[in-house]
There are 2 protein chains.
Amino acid sequence: MPPDTRERLLHAAIGLFARKGYASTSVADILDAAGVNAGSLYHFFPGKQDVLLAVLETYRQGIDPMLLQPAWDGVADPIERVFALLGHYREYLRRTECTYGCPIGSIALELHEPDPPVRALLAANFDGWISAIEGCFIEAGDRLPASVDRRALAIFALTTMEGGVMLSRTDRTLDAFDAAVRMLRDYVDRLQASGSSRGTPVTLSPPGP
Amino acid sequence: MPPDTRERLLHAAIGLFARKGYASTSVADILDAAGVNAGSLYHFFPGKQDVLLAVLETYRQGIDPMLLQPAWDGVADPIERVFALLGHYREYLRRTECTYGCPIGSIALELHEPDPPVRALLAANFDGWISAIEGCFIEAGDRLPASVDRRALAIFALTTMEGGVMLSRTDRTLDAFDAAVRMLRDYVDRLQASGSSRGTPVTLSPPGP
DNA sequence: TTGCGAGTTGAACGCTCATTCAACAGATTC
DNA sequence: GAATCTGTTGAATGAGCGTTCAACTCGCAA
């Protein structure tokens, strides 16, 4: 029954890395936020980068229980689940007044030459996200044309989210995020309309302003 | 006729910020790369952040002559110009073995609480890019459905590029970038096909792997 | 010849950073 | 009750950071 010192450090680091980024967060910041002394941190982690590794691993394990399940609560339709998840990120942006969006994306672009284990965990996080969305599009079955690569579409959804977060964070407005998601919605609507020989017919909403 | 010290500092900073990011580039790095002493830098710039401002302003002024014109050389069709520009970024990724893509995007996500002038210049850079692509889609006229918001489509193209760069940089492979651009191409193709009562008919290529 | 301003030099400054370490505390084991 | 293990303490370390500054060079104008 070890004390929760490690947990407190991890939780403090998660918050600080999301708010300030990795490089701009000092070890002293983490220590202050966790209410822990320097030696204790180095008792649990070999160094600062290993705290980052633990944070990224926590995110990775949290994709399903902490991200997907809350976003998909009450949403059964697989395609609606994709946009429910995007809406989840929109809410995150909105609540923070567009100051931070996806912590994985921020760290991915912040570290220009990440050590291999860090890069591997970043890639694993992206892969978990993509695979979940790919599952939605696969579950959509013949509502989408058979010729559409489900995984590529999932990647496209992730680039839309990450790019939208980047632009919206830069001008502190949800406009760019909303515009990008609106276009993705229009695309998926058109895909559904084009393959509508089977499955429930879909009403095509115009992508206007 | 002032010596080119300021130019050398600017050029060195552009290269280093793109390669290592802003925070990870020390003033000493810039001085070494430019072959200049500390005092000289502070003769031309009040501080490190003002070097960043000058770099961002240089990028902004270079969007047309340094980015668009080379990418669009010999490409007349407005819609092909959009994808020619995306191909330009692909080449940039490829030549650097997927280690760096868009420097504006990297800095935008690296700085979590940028000073107002820095954020304004980042936004101005994105806006210049978006407006240029918006011009392409406007020029495409009735090849695209009238209901499609040209600016939103331009934003969508930027999120595709920035998101694609992020993912490709993370797993050091062009796959994600290619997948995202392929889906954007399919979307634009479908938009053209749907509004094809006027203009040149467009052959719809399947988005398969 | 003197004076001046633009540009240069590089050592020095104060600060923050990640990390270390010897000493200590308390529970568990033998 | 001695030994051991896990965890804690917080001052100290040394490197690197952005920045400052007094002294200097040099071309040019008066």
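To find a chain, count down the sequence lines: A is the first, B the second, and so on, and within it residues start at 1.
Contact between the side-chain N/O atoms of His43(A) and the OP1/OP2 oxygens of dT8(D) is not found at any separation under 4.0 Å. Between Thr5(B) and dT8(C) there is a side-chain polar atom (N or O) within less than 4.0 angstrom of OP1 or OP2. When the side-chain nitrogen and oxygen atoms of Asn37(B) are compared with OP1 and OP2 of dG10(C), one or more of them lie within a distance under 4.0 Å.
Counting only N and O atoms by type, the side chains of Asp29(B) and Ser26(B) include a donor and acceptor under 3.5 Å apart.
Ring centroid separation for the pair Phe137(B) and Phe156(B) does not come in under the 6.0 Å cut-off.
Lys48(A) forms a cation-pi arrangement with Tyr22(A), by the criterion of a distance under 6.0 Å to the ring centre and an angle within 45° of the ring axis. For the pair Arg185(B) and Phe83(B), the cation sits on the ring face: its NZ or CZ lies under 6.0 Å from the ring centre, inside 45° of the axis. Figure legend: Arg90(A) and Phe177(A) shown without cation-pi pairing, the cationic atom not lying both under 6.0 angstrom from the six-membered ring centre and within 45 degrees of its axis.
Taking atom CZ on Phe44(A) and atom P on dT19(C), their separation rounds to 17 Å, with Å as the unit. Per the geometry, CG belonging to Leu41(A) stands 13 Å off C1' belonging to dT20(C), to the nearest Å. Distance, Ile30(A) CD1 to dT16(C) C1': 15 Å, rounded to whole Å. When rounded to the nearest whole Å, the span between CZ of Phe45(A) and P of dT8(D) equals 12 Å.
Remark: Arg81(B) does not engage Asp77(B) in a salt bridge, criterion side-chain N to carboxylate O under 4.0 Å.
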N/O to N/O distances under 3.5 Å, protein versus nucleotides 17-20 of chain D:
residue, atom, partner, partner atom, Å
dG18(D), OP1, Val27(B), N, 3.3
dG18(D), OP1, Lys48(B), NZ, 3.2
dG18(D), OP2, Val27(B), N, 2.7
dT19(D), OP2, Tyr42(B), OH, 2.8
dT19(D), OP2, Lys48(B), N, 2.8
dT19(D), O5', Tyr42(B), OH, 3.4

